Structures are given as structure tokens and as C-alpha cells.
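Worth saying up front: this structure is predicted, and the values here are computed from it rather than measured.
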Amino acid sequence: MADARAPSASSAASPTFDEVFCGLLPRLYRRAVMLAGSRQSAEDVVHEAYLKLAARPQRFLAHPEPYAYAFTAVLNVARDAYRKDRRQVLVDGLEGVEEAGAGGAGGAPGGVPGGWDGGVERRQSEIEAVRLLGKLSHRQAGIVILVDLDGYTIDQAAKIMKVHRGTAARHRARALDRLRAYLVESEHGQAGR
């Protein structure tokens, strides 16, 4: 009879992942508001941190200080969200750029000076960028995307791609050289038409 109680007593003595995490929630929410700036953003940050930690609950429960472990996850999620938001451009900021570009070219097609083309030009640019990146090796394209499109430093991109910094810089330099050559070729091809 004592043997039958032993497993249930040990499981009752050790708290579950949800119990420990829920005990930390008020403190994590307060810290997340400080990091994220608003309650809504803080809730999103804590939720994302929960999902990350729930993927490996044994690491969280085995940590000597679960709050520190959870706070580190919240901090990382908040930092990632900030970086993502920082890379986004407000539409109002683009309107002035589009109007200046369209005004110098004599107005947009269709007789609407500085008018919006429905995103066609942007989509064509994206398709051209994908086509050009497709001509590069995977590593070269990855480095160009991380550094030149996503705004990471060479060091950060090297860490993400798990290569040495010099290797990442060399891949990027070669990729940019190849992209310049493709652009020169396409300009010469269009000029001959």
C-alpha cells in the first residue's frame, strides 16, 4: 500500500509547468509592461514567452531560479518584437517618398499625379529581388537577406547562420558583387532593346 502512494506523493510534491509559470505571471506581466510599453504588448510578450518555455518544460522546471529563466525568455521576446517593429515603415512615411518620386517623373500612369498604384511597383520590386536572390547560393542569399534586408549586423548574421564572421562577410561581399554584375547585365540588355 505504501508503494502505491509513493508515485502519487512525489507527483503531488513536484509542481507542474503551468503551476510554476502561473505563479510567476503577475510579476512577469509587470516586468513585461516595463519592457513592451503597453499592457496589450506585454500580454503578447508573456504569451510568446510561455509558448517558448512550454516547448521544453523540463528545462524551466529544472532551473534553480524559474523566475530568472522566465524573465530571460520575456526579455528575449520583447527585444525581438522591438526589432521587428523597428524594421517596419509607417505608411505615412512612405506617402511622401512616393509623391516625390512620382512628381519628378511627371506623375503616375493614369493621370493621377502622385497616386498610389495599388502596390504593383512594390510587388514587382519584390519579385525582382527574389529572382536576383535566386541566382545566389543559399548562404550568400541568407547573408544578404539578414544584413541588407532585415538589418542585422554581420556579427549577428554570422551567429544566426552559424558561420565565422569572416565567412559571413566574404559571402556577403561575393553576393553583392554578383548582384551588381546581374544588374549591370540587365541594364545593358534593356539599353540594347
Side-chain angles (χ1 to χ4, degrees), residues 10-97 119 122-123 125-127 129-130 132-134 136-173 175-176 179:
S10 66
S11 65
S14 63
T16 66
F17 172 80
D18 285 335
E19 291 171 342
V20 174
F21 193 85
C22 287
L24 301 174
L25 272 178
R27 191 172 172 193
L28 289 174
Y29 277 130
R30 284 193 304 270
R31 298 301 180 238
V33 168
M34 295 171 129
L35 294 170
S38 71
R39 183 183 171 131
Q40 177 67 34
S41 297
E43 289 174 357
D44 292 343
V45 165
V46 172
H47 178 71
E48 287 296 319
Y50 172 83
L51 294 175
K52 282 186 172 192
L53 295 174
R56 294 193 176 123
Q58 64 280 5
R59 285 186 180 181
F60 175 71
L61 293 173
H63 198 273
E65 217 175 315
Y67 169 75
Y69 195 79
F71 178 75
T72 301
V74 166
L75 182 64
N76 290 338
V77 169
R79 185 188 65 231
D80 292 345
Y82 171 76
R83 286 181 178 167
K84 180 182 172 187
D85 290 343
R86 195 178 70 199
R87 288 192 304 260
Q88 294 179 356
V89 178
L90 294 177
V91 175
D92 291 339
L94 285 177
E95 287 176 1
V97 173
R122 179 184 172 114
R123 183 66 181 141
S125 299
E126 290 171 354
I127 290 170
V130 169
L132 288 172
L133 288 172
L136 302 175
S137 73
H138 290 298
R139 282 195 176 186
Q140 289 175 343
I143 291 293
V144 168
I145 289 169
L146 288 172
V147 174
D148 298 302
L149 298 180
D150 290 342
Y152 288 99
T153 65
I154 292 283
D155 292 327
Q156 292 168 329
K159 194 176 281 188
I160 290 168
M161 297 204 49
K162 297 180 179 154
V163 296
H164 190 270
R165 183 195 190 287
T167 303
R170 187 178 70 239
H171 282 306
R172 180 173 176 259
L176 293 178
L179 289 173

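The minimum heavy-atom distance linking Ala175 with Val144 is given by the pair CB-CG2, 3.5 Å. Across all their heavy atoms, Ala158 and Ala168 have their closest contact at CB-CB, 3.8 Å.
The side chain to side chain contact (heavy atoms under 4.5 Å, CB included) check on Ala157 picks up Ile143, Leu146, Val147, with sequence neighbours excluded. Under the side chain to side chain donor-acceptor pair (under 3.5 Å) criterion, Arg39 pairs with Glu43, not counting sequence neighbours. Residues forming a salt bridge (charged side-chain N to carboxylate O under 4.0 Å, His left out) with Asp155 (at least two apart in sequence, or on another chain): Arg165. Under the side chain to side chain contact (heavy atoms under 4.5 Å, CB included) criterion, Lys159 pairs with no residue at all, not counting sequence neighbours. Asp148 meets the side chain to side chain donor-acceptor pair (under 3.5 Å) test with Arg172; sequence neighbours excluded. Considering only residues two or more places apart in sequence or on other chains, Glu48 meets the side chain to side chain donor-acceptor pair (under 3.5 Å) condition with none of them.
Residue pairs meeting the ring pair (Phe, Tyr, Trp, His ring centres under 6.0 Å) criterion with at least one partner in residues 31-51, sequence neighbours excluded, are Phe17-Tyr50, Phe21-Tyr50.
The CG atom of Leu179 lies 8.5 Å from the CD atom of Gln140; values are rounded to the nearest 0.5 Å.
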Which pairs would a plain distance check flag for residues 54-78, meaning a side-chain donor or acceptor within less than 3.5 Å of a matching protein atom at least two apart in sequence or in another chain?
| residue | atom | partner | partner atom | Å |
| --- | --- | --- | --- | --- |
| His63 | ND1 | Glu65 | N | 3.0 |
| His63 | ND1 | Glu65 | O | 3.0 |
| Thr72 | OG1 | Ala68 | O | 2.8 |
| Asn76 | OD1 | Arg79 | NH1 | 3.2 |
| Asn76 | ND2 | Thr72 | O | 3.3 |

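Counting heavy atoms of neighbouring residues, nucleotides and ligands inside a 6.0 Å radius, atom CZ of Arg170 exceeds 12 of them.
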